[in-house]
2 protein chains.
Amino acid sequence: MAQVAASIDNFDRRILEIVQHSNRTTSEQIAEQVGLSPAAVQRRLKRLREQRTIVADVAVVNPKAIGRPMSFVVQVTMERERADLMDAFKKEMKLHPAVQQCYYVTGSADFILIVTAKDMEDYDQFTREAFFDNTNIRGFQTSVVMDSVKVGLFMPVVEEGELS
Amino acid sequence: MAQVAASIDNFDRRILEIVQHSNRTTSEQIAEQVGLSPAAVQRRLKRLREQRTIVADVAVVNPKAIGRPMSFVVQVTMERERADLMDAFKKEMKLHPAVQQCYYVTGSADFILIVTAKDMEDYDQFTREAFFDNTNIRGFQTSVVMDSVKVGLFMPVVEEGELS
DNA sequence: GGTGAAAACGTTACGAG
DNA sequence: CTCGTAACGTTTTCACC
């Protein structure tokens with residue numbers, strides 16, 4: 001089996017489990033829990049970041065607090081699965097600020113998006129910009145998020161706090 | 001219009017834009033960019049965390065590096081929309097380590113999940129545990145993620161690095 | 001990987017606007 | 001009330017074992 005990243009041991013795993021909950025945990029606190037010295041923890045974190053096992057360190061912002069209280073799940077179906085058109089759409093999604101997540105998937109839909117908006121009008125305008133101008137889009141189906149039950153980012157963890 | 005969180009000014013907005021990209025940016029660097037002193041930036045960050053405009057500070061872990069290279073989008077339809085059964089299902093999703101995200105939505109499906117797994121067998125076992133035991137689940141439809149085009153967490157930003 | 005010193009960083013008190 | 005400056009305590013970093 002091909003190993004994508006450099007090898008990860010159990011110390012690394014335990015450190016990752018902690019920092020993905022909270023990357024502001026001090027090395028001293030982590031060291032206590034995993035049974036290493038703070039310096040060893042720091043060295044490992046540095047390596048994990050360099051080898052991109054940790055790809056980013058981010059603050060998670062409450063969307064309601066910044067005026068984007070609504071979320072949508074959008075399933076987009078394309079007219080033709082031409083690679084160049086797919087790539088163009090992917091690029092557009094990456095650049096569009098309303099699009100939080102974009103997955104290229106198998107199944108009835110081609111793309112599934114998570115989109116945030118200020119309100120319905122704002123979302124409506126997003127669909128015009130993103131979909132109606134694109135002749136390669138056959139259709140899209142919107143689900144309005146009533147409750148963000150769980151919003152995590154990779155790995156088996158439960159968020160410590162609610163997002164709404 | 002009801003304001004959910006305390007007021008946010010343009011300094012806060014610019015600080016949030018920076019830390020959601022990278023919360024390891026030093027106050028000094030942020031201060032330079034927004035035109036405040038480092039101490040003022042720290043005070044604002046502290047306030048933003050206390051009032052839960054910033055709900056968490058997390059390290060984003062590359063799922064491939066930790067042996068969960070596959071992602072799925074699952075649409076779950078319930079038999080009856082009874083509040084107690086919904087809450088039980090939500091609770092189960094919160095606790096299940098494979099479930100990264102869970103949204104309760106309007107539309108043809110009741111829930112939309114983002115699930116990670118080691119491989120297909122691992123995913124298959126997840127569906128048994130989570131769905132087949134639950135008599136209130138009418139059905140589910142799985143889309144396999146071929147490309148995580150964009151994986152962000154709230155607010156208009158593009159990830160600086162690719163996740164695949 | 002551990003230890004300890006040095007540097008960097010975050011935190012707090014204070015005075016000013 | 002919030003800023004900036006400066007002293008203070010903490011955390012990270014690095015050389016060495």
Whole-Å gap separating [atom2] ([N]) and [atom1] ([X]):
X       : N      : atom1 : atom2 : result
A:Asp57 : C:dC9  : CG    : C1'   : 16 Å
B:Ile30 : D:dC3  : CD1   : P     : 14 Å
A:Glu32 : D:dT11 : CD    : P     : 11 Å
B:Arg49 : C:dG10 : CZ    : C1'   : 11 Å
A:Arg24 : C:dC9  : CZ    : C1'   : 11 Å
A:Glu28 : C:dC9  : CD    : P     : 19 Å
B:Asn10 : D:dC3  : CG    : P     : 13 Å
B:Arg47 : C:dG10 : CZ    : C1'   : 17 Å

### Query
After noting the C-alpha distance and the side-chain angles of A:Tyr123 and A:Thr142, does the key distance pass the side-chain hydrogen bond (donor to acceptor under 3.5 Å, both in side chains) rule?
CA-CA 10 Å; A:Tyr123 177 70; A:Thr142 301; 2.6 Å; yes
### Message
Atom CD of residue position A:Gln125 - does it have more than 12 heavy atoms of other residues, nucleotides or ligands inside 6.0 Å?
### Response
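No.
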#### Entry: Listed nucleotide nearest any side-chain atom of A:Thr26, set C:dT12, C:dT11, D:dT11
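Nearest nucleotide to the side chain: D:dT11.
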### Partners meeting salt bridge (Lys or Arg N to Asp or Glu O under 4.0 Å) with B:Arg24 (sequence neighbours left out)
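Checked B:Arg24 against salt bridge (Lys or Arg N to Asp or Glu O under 4.0 Å); zero matches.
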### Task
Sequence neighbours left out, what passes salt bridge (Lys or Arg N to Asp or Glu O under 4.0 Å) with A:Arg138? Give chain and number order.
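Only A:Glu79 meet the salt bridge (Lys or Arg N to Asp or Glu O under 4.0 Å) criterion with A:Arg138.
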### Task
Report yes or no: does B:Arg13 contribute a side-chain atom to a donor-acceptor pair with the main-chain N or O of B:Ile8 at less than 3.5 Å?
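Yes; at least one donor-acceptor contact below 3.5 Å.
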### Verdict with reasoning, A:Gln141 to B:Ser108, per side-chain hydrogen bond (donor to acceptor under 3.5 Å, both in side chains)
CA-CA 10 Å; A:Gln141 194 198 325; B:Ser108 55; 3.3 Å; yes
### Query
Where along residues 35-45 of chain A does a heavy atom fall under 4.0 Å from DNA chain C?
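Listed by number, they are A:Leu36, A:Ser37, A:Ala39, A:Ala40, A:Arg43, A:Arg44.
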### Query
Is the B:Phe131 ring parallel, tilted or perpendicular to the B:Phe140 ring (thresholds 30°, 60°)?
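Aromatic pair B:Phe131/B:Phe140 classed tilted.
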### Task
Determine: side-chain N/O of B:Ser27 to OP1/OP2 of C:dG10, distance under 4.0 Å, yes or no.
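Yes, such a contact exists.
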### Query
Looking only at side-chain N and O atoms, does B:Lys46 come under 4.0 Å of OP1 or OP2 in C:dT12?
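Answer yes for this pair, as a side-chain N or O of B:Lys46 is under 4.0 Å from OP1 or OP2.
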